[in-house]
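Some notes on the structure that comes next.
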Amino acid sequence: MRFTALLAPLGLCASVFADGQAIVDSIGVISSITGELNTAVSSWKGDLLGALPIVGKSTELLKDINNGTKTAKASQPLSVLEAITIAGAIQNLQKSVNTTLTTIIGSKKKFDRLLLSPVILLNLDLEKDASDRLGAAIKAKVPENLQTVAQGLQDTLDGYFDTAIDAYKLFRR
Ligand SMILES: *[C@@H]1O[C@H](CO)[C@@H](O)[C@H](O)[C@H]1NC(C)=O
Ligand SMILES: *[C@@H]1O[C@H](CO)[C@@H](O)[C@H](O)[C@H]1NC(C)=O
């Protein structure tokens with residue numbers, strides 16, 4: 001009797017943590033770090049020391065994407081409303097990713113000069129893979145009739161990453 005009384009609130013806590021809102025929150029964190037990465041790259045003068053915050057934000061971004069995947073995997077299956085709310089958050093993230101990758105492409109010459117472009121390319125590859133894992137984890141929790149929408153959102157993000165990855169592969173010596 002006492003034992004079940006203890007377990008019930010624990011069960012409640014787990015479902016409160018692992019829900020649509022937790023996924024929306026993780027995507028919000030990813031969007032805001034993506035924005036900070038954009039600021040770090042666009043304000044960078046091209047010096048080696050100034051590149052450190054860029055690497056820092058990039059590492060933080062990877063950690064936050066992976067944390068989002070953990071949150072999505074722990075989630076219960078999502079309701080239609082939750083899935084639509086998450087889709088809205090992903091659309092905002094797409095804008096942020098597009099802006100940041102455009103800035104990163106525009107800064108390639110500066111990275112080239114410091115021989116840092118291969119590091120950026122590696123990070124872009126890692127971030128694309130992490131983003132694919134996050135997308136797959138979310139899609140697995142989305143109602144059947146919205147899975148095509150979820151895949152479409154992921155394909156758009158992948159396209160952005162591919163544009164940036166191609167730009168960094170080009171002219172590689
Ligand atoms: C991971 O995500 C969860 C849910 O969004 C959040 O509460 C937690 O603070 C995050 N952990 C880290 C290390 O960012
Ligand atoms: C950003 O979006 C525009 C419009 O869809 C697209 O043409 C451009 O290639 C995207 N940028 C990147 C880096 O993918």
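All ligand and atom numbering here is 1-based and tracks the order in the structure. In this text, all values refer to a predicted model and were calculated from it rather than measured experimentally.
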request  = Count the heavy atoms belonging to other residues, nucleotides or ligands that lie under 6.0 Å from NZ of Lys73, then report whether that count exceeds 12.
outcome  = no
query = Mind checking whether Asn67 has an N or O less than 3.5 Å away from an N or O of ligand 1?
reply = yes
key: The one among Asp64, Thr71, Ile23 that brings a heavy atom closest to atom 4 (C) of ligand 1   = Thr71
task = Please report the closest heavy-atom contact between Ile54 and Leu37, naming both atoms and the distance.
result = O-CD1, 3.7 Å
query = Which atoms form the tightest heavy-atom contact between Ala51 and Leu116, and what is the distance?
reply = CB-CD1, 3.9 Å
key: Atom indices of ligand 2 within 4.0 angstrom of Asn98 heavy atoms, with elements   = 1 (C), 2 (O), 3 (C), 8 (C), 10 (C), 11 (N), 12 (C)
query = Which of the numbered atoms in ligand 2 are below 4.0 angstrom from a heavy atom of Ile105?
reply = 13 (C)
inquiry  = With heavy-atom distances below 4.5 Å as the criterion, would you say the side chains of Ile27 and Ile23 are in contact?
reply    = yes
request  = To the nearest 0.5 Å, tell me how far Ser75 OG sits from Ile138 CD1.
outcome  = 9.5 Å
query = Does the protein put any heavy atom within less than 4.0 Å of atom 11 (N) of ligand 2?
reply = yes
request  = Check each atom of ligand 1 against the heavy atoms of Ser26 and keep those under 4.0 Å away; list them by number with element.
outcome  = 5 (O)
task = Run the numbers for me: atoms of ligand 1, each under 4.0 Å from some heavy atom of Ala22, listed by number.
result = 5 (O)
